[in-house]
Amino acid sequence: MDKLNRVRIADILKMQSFGQTINVKGWVRTKRGSKTVSFIALNDGTIIHNLQIVAELANFDEEVMKQITTGACISVNGVVVESFGQGQHVEIQAKEIEVLGTADPLTYPLQKKGHSLEYLREIAHLRPRTNTFGAVFRIRHNMAMAIHTFFHERGFYYFHTPIITASDCEGAGQMFQVTTMNLYDLKKDENGAIDYTNDFFGKQASLTVSGQLEGELAAMALGAVYTFGPTFRAENSNTPRHLAEFWMIEPEVAFNDIFDNMQLAEDFIKYCVKWALDNCMDDLAFLAEHFDKELISRLQSVVECEFVRLPYTEGVRILEEAVANGHTFEFPVGWGTDLASEHERFLVENHFKKPVILTDYPKEIKAFYMKQNEDGKTVRAMDVLFPKIGEIIGGSERESDLDKLSKRIEEMNIPMKDMWWYLDTRRFGTAPHAGFGLGFERLLLFVTGMANIRDVIPFPRTPNNAEF
RNA sequence: UCUUUAGUAGCUCAGUUGGUUAGAGCACCUGACUGUUAAUCAGGGGGUCGUUGGUUCAAGUCCAACCUGAAGAGCCA
């Protein structure tokens, strides 16, 4: 077979001139045809659309043509021609075909017909070859690029916080332990406690649940930073919105207050959504057509609308008013209790019908590091609530006063013995600062319109599932 | 983890108040077809009805436990 430069299908489909001979490589989606001619729909992952390869059967060995089945990988030399069939404006008239890899039709798990998302989860190693997951993972890449671009353009530094941590007070959830100890022969002291002094780190270590505390250290030096990395929660959560391993973006900015923080969060999400609309329209259109007809209009409305900013106390008042007017909730509403999903959904989907930033929660239901308000009852927390997916961002202005922070740590019985370094930020040159955390996969749920978080990460990690 | 719901061919599903040999579409194989658009048409092969136990003359169907998936809830991002 002649050696020609390979052209990506995304580029071939854009061609306006015809007649040149090129090489194209990709995986066969379908082959159809008649006695004399075969039509091969080829996809190479560069774009959701397939390229049509036309093969006159008289020019090719029958044995080679037989190997061209759904899932096979082929290399084609051929001429770019204008298509006179419907459904594409350009196609390849094949001159030479080489089968790079066959796919036995009896055992290849993907068919040309559609599969359920649940079935595709069982073959997560092959699902990137489907239209749906090709689209999702191209959008996933684009969102990562949008995130880095957004922060870089605004002078934020990408800061790498550790994945292994020995602090057990991040308070964001159950942690996965990291150890090199022999679990069949654990040494314990007289109280039955495990002795970690001979473990790899000389103390108990875990996978991080958040890079925030280290992010605060960086903000106290570099001014504005963000993290973007994997985080781990060992919660037994079985929902379409939770993963045991997920990616989180956590900006942290010196001198920002809660209002700057809200503005940053709103600008940030809008930037990402607009990026998707500007750069991923082919993939979004496919997802909209197959899963969520309102996807694109919902994305557009988020870019255009102004997020509602609402103190928790006001939110509770609205909910209590709704109850008084006859709306029934499964769980009671009252100042001091955390809002249930149904309450958040009511505010976002029924009452305001757009994203809501809820602020100033009671201090009892929020983390120790949040800045305390003058009223002595609330803290400067903010949750960004989105239609369909609920909480997409959680953040706050941080308590910068050493005494107030220390007192709160004591009140909440938080083990801070290994956290002297965190308190040093308040001890030496403390400054007001604020930040938030955004779950990358939650953002992707919103942008792709997918309903289950297991379908927006290549290899989901959930309770009882670490396959692939 | 709790509640609900589902598990029948490779995939998606139907299967009546329990009753003889468990069906369809797609996929796959064979054949037909002069350019198809998830091609079409004809034929063919393919099943331990999630697992274990129970009720019954008789269980895909009823009951129990367990396994697996999904939805809702809690926890959160």
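No experiment lies behind these values; they were computed from the predicted model shown. Reminder, nothing fancy here: chain letters follow the sequence lines and each chain counts from 1.
- Put simply, CD1 on A:I453 is 13 Å from P on B:G72, counting in whole angstrom units.
- A side-chain donor from one of A:S83 and A:Q88 sits under 3.5 Å from a side-chain acceptor of the other.
- Rounded to whole angstrom, the span from the CD atom of A:E235 across to the C1' atom of B:C75 amounts to 5 Å.
- Separation of the P atoms belonging to B:G25 and B:C41 is 10 Å when rounded to the nearest angstrom.
- Side-chain to base pairing of A:R233 with B:A77: one donor and one acceptor N or O lie within less than 3.5 Å of each other.
- Remark: A:K66 is in phosphate contact with B:U30, judged by side-chain N or O atoms under 4.0 Å from OP1 or OP2.
- Atoms CZ (A:R241) and P (B:A77) sit 13 Å apart, rounded to a whole Å.
- Nucleotide B:U30 holds its P atom 10 Å from the CD atom of A:E62, rounded to whole Å.
- When the P atom is used for both B:G54 and B:G15, the distance is 29 Å, rounded to whole Å.
- With A:R442 contributing its side chain and A:E391 its backbone, the two residues share a donor-acceptor pair below 3.5 Å.
- Here, B:U51 and B:G60 have their C1' atoms 15 Å apart, quoted to the whole Å.
- Contacts of A:A340 with the nucleic acid, taken as non-hydrogen atoms under 4.0 Å apart, involve only primed sugar atoms and P, OP1 or OP2.
- Contacts of A:S341 with the nucleic acid, taken as non-hydrogen atoms under 4.0 Å apart, involve only primed sugar atoms and P, OP1 or OP2.
- Contacts of A:G85 with the nucleic acid, taken as non-hydrogen atoms under 4.0 Å apart, include base atoms.
- Nucleotides B:A58 and B:U1 have their C1' atoms positioned 41 Å apart, rounded to a whole Å.
- Across all strands shown, A:F84 has heavy atoms under 4.0 Å from base atoms, whether or not it also approaches the sugar-phosphate.
- The same atom, C1', is picked in B:U40 and in B:U21; the two are 33 Å apart, to the nearest Å.
- For B:A9 and B:A27, the C1' atoms lie 11 Å apart once the distance is rounded to whole Å.
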Could you run down nucleotides 2-12 of chain B 5' to 3' and tag each one B, S or - for protein heavy-atom contact under 4.0 Å? --------BSS
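- Within 6.0 Å of atom NE2 in A:H125, more than 12 heavy atoms from other residues, nucleotides or ligands are found, so the atom counts as buried in its surroundings.
- Using a 4.0 Å heavy-atom distance criterion, A:R29 is classed as making no nucleic acid contact.
- With rounding to whole Å, A:E344 atom CD is found 11 Å from B:C76 atom P.
- Classification of the A:F228-A:F440 ring pair by plane angle, with boundaries at 30° and 60°, yields perpendicular.
- A:L243 comes within 4.0 angstrom of a nucleotide base, judged by non-hydrogen atoms across all strands.
- At the heavy-atom level, A:E342 lies nowhere under 4.0 Å from the strands shown.
- Looking at heavy-atom distances under 4.0 Å, A:P463 makes no contact with the nucleic acid at all.
- In this structure, A:R32 reaches the B:A39 phosphate: one of its side-chain N or O atoms is under 4.0 Å from OP1 or OP2.
- Taking atom C1' in both B:C67 and B:C75, the straight-line distance is 25 Å, to the nearest Å.
- For the residue pair A:N373/A:R380, the side-chain donor-acceptor check at 3.5 Å is satisfied.
- Using a 4.0 Å heavy-atom cutoff across all strands shown, A:E91 reaches at least one base atom of the nucleic acid.
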May I have the step-by-step check of side chain to side chain contact (heavy atoms under 4.5 Å, CB included) for A:F446 and A:R298, ending in yes or no? CA-CA 9 Å; A:F446 182 74; A:R298 190 177 324 112; 3.8 Å; yes
Test side chain to side chain donor-acceptor pair (under 3.5 Å) on A:S396 and A:R398; report intermediate values, then the result. CA-CA 6 Å; A:S396 67; A:R398 318 305 189 189; 2.7 Å; yes
List the steps and the verdict of ring-ring contact (aromatic ring centres under 6.0 Å, His included) for A:Y226 and A:F150. CA-CA 11 Å; A:Y226 69 104; A:F150 174 86; 9.1 Å; no
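- The CZ-C1' distance, from A:F329 to B:A73, rounds to 16 Å in whole Å.
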Under 3.5 Å for both distances, Watson-Crick or G-U wobble, that's the pair rule; now give the dot-bracket for RNA chain B, with | marking pairs to another strand and [ ] for crossing ones. (((((((..((((.....[...)))).(((((.......))))).....(((((..]....))))))))))))....
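- Using a 4.0 Å heavy-atom cutoff across all strands shown, A:Q93 reaches at least one base atom of the nucleic acid.
- Remark: ring of A:F246 overlaps the six-membered base ring of B:A77 in a stacked fashion, centroids less than 5.5 Å apart, planes less than 30° apart.
- Relative orientation of the A:F459 and A:F468 rings is tilted, given thresholds of 30° and 60° on the angle between their planes.
- A:R154 forms a cation-pi arrangement with A:Y271, by the criterion of a distance under 6.0 Å to the ring centre and an angle within 45° of the ring axis.
- Salt bridge status for A:K14 with A:D11: present, with a side-chain N to carboxylate O gap under 4.0 Å.
- Atom CZ in A:F436 sits roughly 20 Å away from atom P in B:C76 (whole-Å rounding).
- For the pair A:K112 NZ and B:U36 C1', the interatomic distance rounds to 11 Å; values are reported in whole Å.
- Rounded to the nearest Å, the gap between the C1' atom of B:G46 and that of B:U8 is 14 Å.
- Residue order along RNA chain B, read from the 5' end via each residue's closest nucleotide, puts A:R454 first among A:R454 and A:E391.
- Side chain A:Q86 to base B:U36: no donor-acceptor pair is found below 3.5 Å.
- A:L110 comes within 4.0 angstrom of no nucleic acid atom, judged by non-hydrogen atoms across all strands.
- For a distance-only test at 3.5 Å, the side chain of A:S237 qualifies as a donor-acceptor partner of the base of B:C75.
- Residues A:D283 and A:R140 are not paired through a salt bridge, judged by the lack of any N-O separation under 4.0 Å between the basic side chain and the carboxylate.
- Ranked by how close their nearest RNA chain B nucleotide is to the 5' end, A:S34 and A:L339 are led by A:S34.
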